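Note that the structure is a prediction, hence the values are computed from the model and not measured. The chain is numbered in sequence order, starting from 1.
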Amino acid sequence: MRPTRTLNIGILAHVDAGKTSLTERLLFDTGTIDRLGSVDAGSTQTDTNAIERQRGITVHSAVASFRVGDTQVNLIDTPGHSDFIAEVERALGVLDGAVLVLSAVEGVQAQTRILMRTLRETRLPTLIFVNKIDRAGARTEALLADIRRRLSPHVVGMTAVRNAGTKTATASPKRYTDDGSHFAATMGELLANHDDELLARVVDGPPPTPAELDKALADQTARALVHPVHFGSAIGGQGIEALVNAMVTLLPAPRPNPTAPPRGTVFAVERDAATGRKTAYLRLFEGEVTVRQELTFTTSNGTPSGTSSGTHTGRLTSLNIVGAEQGPTPTLTPGNIGRLRGLHDIRVGDQLGPPDERGTHFATPTLQSVVRPRDPGTAAAARLNAALKELAEQDPLIRARTEPGGTTSVFLYGEVQKEVIAATLADTYGIEAVFEPSRTVHTERPTRTGEFAEEMRRGPARTGHWATVGLRVDAVPYGSGNTFRYETELGALPRAFHQAVEETVHDALRTGPLGWAVTDCAVTLVHSGFNSVMSTAGDFRALTRIVLEGALRETGTTLYEPYRTFELEIPSSSLATVAGQLTSLGALIEESAATAEGWLLRGTVAARRIAAIERRLPGLTHGEAVWWSRPAKDRPAPRPTGHRAPRADR
């Protein structure tokens, strides 16, 4: 029987809370798999690549499905490590709801609070599952109080736990009774915070019935106003049935329009190791998609110095619907996830149909490392470059760039990401790579207007090239990116020469006078000329690079470094020490406020200081610090005389 509704649910957690084990248990208990996988044994369904199995962490989002009655649930198992928070944020754009997993032993961790904050900001309906109730040291009521205090006050415990912390721990749903039970009263008071009619019933009577409480709970959970909390054990299976019931009854299924034009987001891409064919995972929001249909996608490609967008069209040659029986002519309907093949240019983050804000934003990485094969040689370097480009196609959070000397730079979010890339290169491609120490990505911006030209007269320009090129460089507003313009008459040059100039300008801006990418500038072609017999596109490419370097020297550039805004929650006892450390590292504390937990600090800091701050905070606060940061506007960087980025071709 075909399901009548589909739910796409994300499983999120701090590292080691047990989310991958929970995914395994959900699949096993619903009859999807006949054997439980193990993280320790590397036999889980969703950690499919070697790195994930070896490390016991989730690196990429994965999809698995199960059925409950007429509901199909697609589980998306997301990373928990802080280096992959961008992967988590990317996955949220295709979800209908989430399950946030905590450990009953470790309790609310700093990363748990960051994940919950992200969920609340996106207003994604969220259930909380407290795992490992059968482990020594497990807490229940005390932990529920911590959850209310540190994650959200709008939570309600749905499970009664007995013998917590022992192998005989049990978890059963709390029951409403008609005698004004404490559970019903607590539930009514919580839900009344968001419902005036319910508040009147709670205060003046008659008290709401169990059916009315259930209805209000489902409504407020769907609107992300309250968060039901379930206790259990993924390994032992306690509390899983109640969690499954909550997933299918409390989390809202979308009601899309199948007759609208197709609209969806690609959130994962896999490449077959043997054939190289890509498989794209598409969450469809509106319309329908069928095999052999021609589809147009919008791509937003983040680059270290900005973004560029474009469209590409491809014909779908194969369609497999996740969790569904495949007929001869499968049709992907709204709310479902499809595995698409035949789309050669597809990338993660591509959007089918008109672009919107769902799943398109990728934060700019702030670290860069040059990577080389351990075995020298042109062939090894070419293999490494091809492997990194292939990985970048599958994951926009991996950004690779070929440097002038033939080496490759990788742009990163954290050091763990570098380790994962290195392990992937070794295990998947058989390439042992050496990464240089990471450095903070800077950018250059024009200081003033500058112009430079090289001209042919009776022979080639003094550089020996049969071409005339004059360029002017102007600064444009912050965040505008780079543009190329013409003041010469279009058609004055053959099309191939125009193309050679424009492509070379964009390529050459990757390395400015100080060795970093130049951004927020407009380059204008102000002079041009050619010899109809002698000039070639190669002349224009070579001369354009020379002229642009001259124009940038005339312009002058200012070096900028990335900054981040931060929020930091710390205990009161560590305020003076932490504030002193932040100040010594150049952080500007712009706001401080006392909270029930301690102190909340807000401010800005250079991205290059983030790693040092994150290393020191646990020791300064006994592990109680919650650090949250987001990209902010770049600022001029302090630069000693002669500062240049180390060039890969030098």
Within the 4.5 Å heavy-atom criterion, are [X] and [Y] side-chain neighbours or not?
X      : Y      : answer
Arg510 : Arg401 : yes
Val605 : Ile610 : yes
Val371 : Val434 : no
Ile33  : Leu27  : yes
Pro562 : Thr440 : yes
Thr408 : Val370 : no
Val441 : Leu367 : no
Asn482 : Val523 : no

Say you draw a straight line from [atom1] of [X] to [atom2] of [Y]; how long is it, rounded to the nearest 0.5 Å?
X      : Y      : atom1 : atom2 : answer
Ile114 : Gln109 : CD1   : CD    : 11.0 Å
Leu384 : Asp375 : CG    : CG    : 11.0 Å
Arg283 : Leu332 : CZ    : CG    : 10.0 Å
Leu425 : Arg383 : CG    : CZ    : 10.0 Å
Asn531 : Asp539 : CG    : CG    : 9.5 Å
Gln293 : Leu340 : CD    : CG    : 9.5 Å

Side chain [X], main chain [Y], donor-acceptor under 3.5 Å:
X      : Y      : result
Asp520 : Gly479 : yes
Asp427 : Thr424 : no
Tyr429 : Leu388 : no
Ser369 : Phe435 : no
Thr555 : Gly450 : yes
His527 : Leu525 : no
Thr443 : Ala517 : no
Glu455 : Val469 : no
Lys19  : Val101 : no
Thr511 : Trp516 : no

> Do you know which of Arg635, Arg608, Arg439 makes salt bridge (Lys or Arg N to Asp or Glu O under 4.0 Å) with Glu561?
Replying inline: Arg608

> Between Lys633 and Tyr563, is NZ or CZ placed under 6.0 angstrom from the six-membered ring centre and within 45° of the ring axis?
Replying inline: no

I need the minimum non-hydrogen distance between [X] and [Y], along with the two atoms involved.
X      : Y      : answer
Gly353 : Thr298 : O-OG1, 3.9 Å
Pro446 : Ala475 : O-CB, 3.8 Å
Ser535 : Phe540 : CB-CE1, 4.2 Å
Val476 : Cys521 : CG2-N, 3.5 Å
His442 : Ala637 : CD2-CB, 3.8 Å
Val518 : Gly512 : CG2-CA, 3.5 Å

> Phe297 pairs by side chain to side chain contact (heavy atoms under 4.5 Å, CB included) with which of Asp345, Thr311, Leu343?
Replying inline: Leu343

>> Strictly below 4.0 Å, N to O, side chains only: are Asp474 and Arg472 in salt-bridge contact?
In response: yes

> Could you go step by step and tell me if Glu549 and Arg545 meet the side-chain contact (heavy atoms from CB on, under 4.5 Å) rule?
Replying inline: CA-CA 6 Å; Glu549 288 181 359; Arg545 192 173 293 274; 4.3 Å; yes

> Between Arg445 and Thr519, is a side-chain contact (heavy atoms from CB on, under 4.5 Å) present by the stated rule, with each step listed?
Replying inline: CA-CA 6 Å; Arg445 288 178 170 82; Thr519 189; 3.7 Å; yes

Can you see whether [X] engages [Y] through a side-chain donor-acceptor pair at a distance of less than 3.5 angstrom?
X      : Y      : value
Asp507 : Thr504 : no
Thr279 : Arg341 : yes
Arg339 : Tyr281 : yes
His312 : Asp350 : yes

>> ring-ring contact (aromatic ring centres under 6.0 Å, His included), that's the test. Do Trp466 and Phe530 meet it? Break it down for me.
In response: CA-CA 7 Å; Trp466 286 92; Phe530 72 104; over 10 Å; no

>> Show, in sequence, the C-alpha distance, side-chain angles and deciding distance for Val501 and Phe484, and conclude whether the side-chain contact (heavy atoms from CB on, under 4.5 Å) test is met.
In response: CA-CA 10 Å; Val501 173; Phe484 180 77; 3.7 Å; yes

> Passes ring-ring contact (aromatic ring centres under 6.0 Å, His included), His498 versus Tyr486? Steps please.
Replying inline: CA-CA 10 Å; His498 273 297; Tyr486 294 93; 4.9 Å; yes

> Step by step, would you call Trp628 with Phe566 a side-chain contact (heavy atoms from CB on, under 4.5 Å)?
Replying inline: CA-CA 6 Å; Trp628 175 277; Phe566 69 84; over 6 Å; no

> Are Thr468 and Ser528 close enough, and set up right, to give a side chain to side chain donor-acceptor pair (under 3.5 Å), and what steps lead you there?
Replying inline: CA-CA 5 Å; Thr468 292; Ser528 66; over 6 Å; no

>> Between Gln368 and Ser409, is the side chain to side chain donor-acceptor pair (under 3.5 Å) condition met? List the steps.
In response: CA-CA 7 Å; Gln368 179 182 5; Ser409 284; 2.9 Å; yes

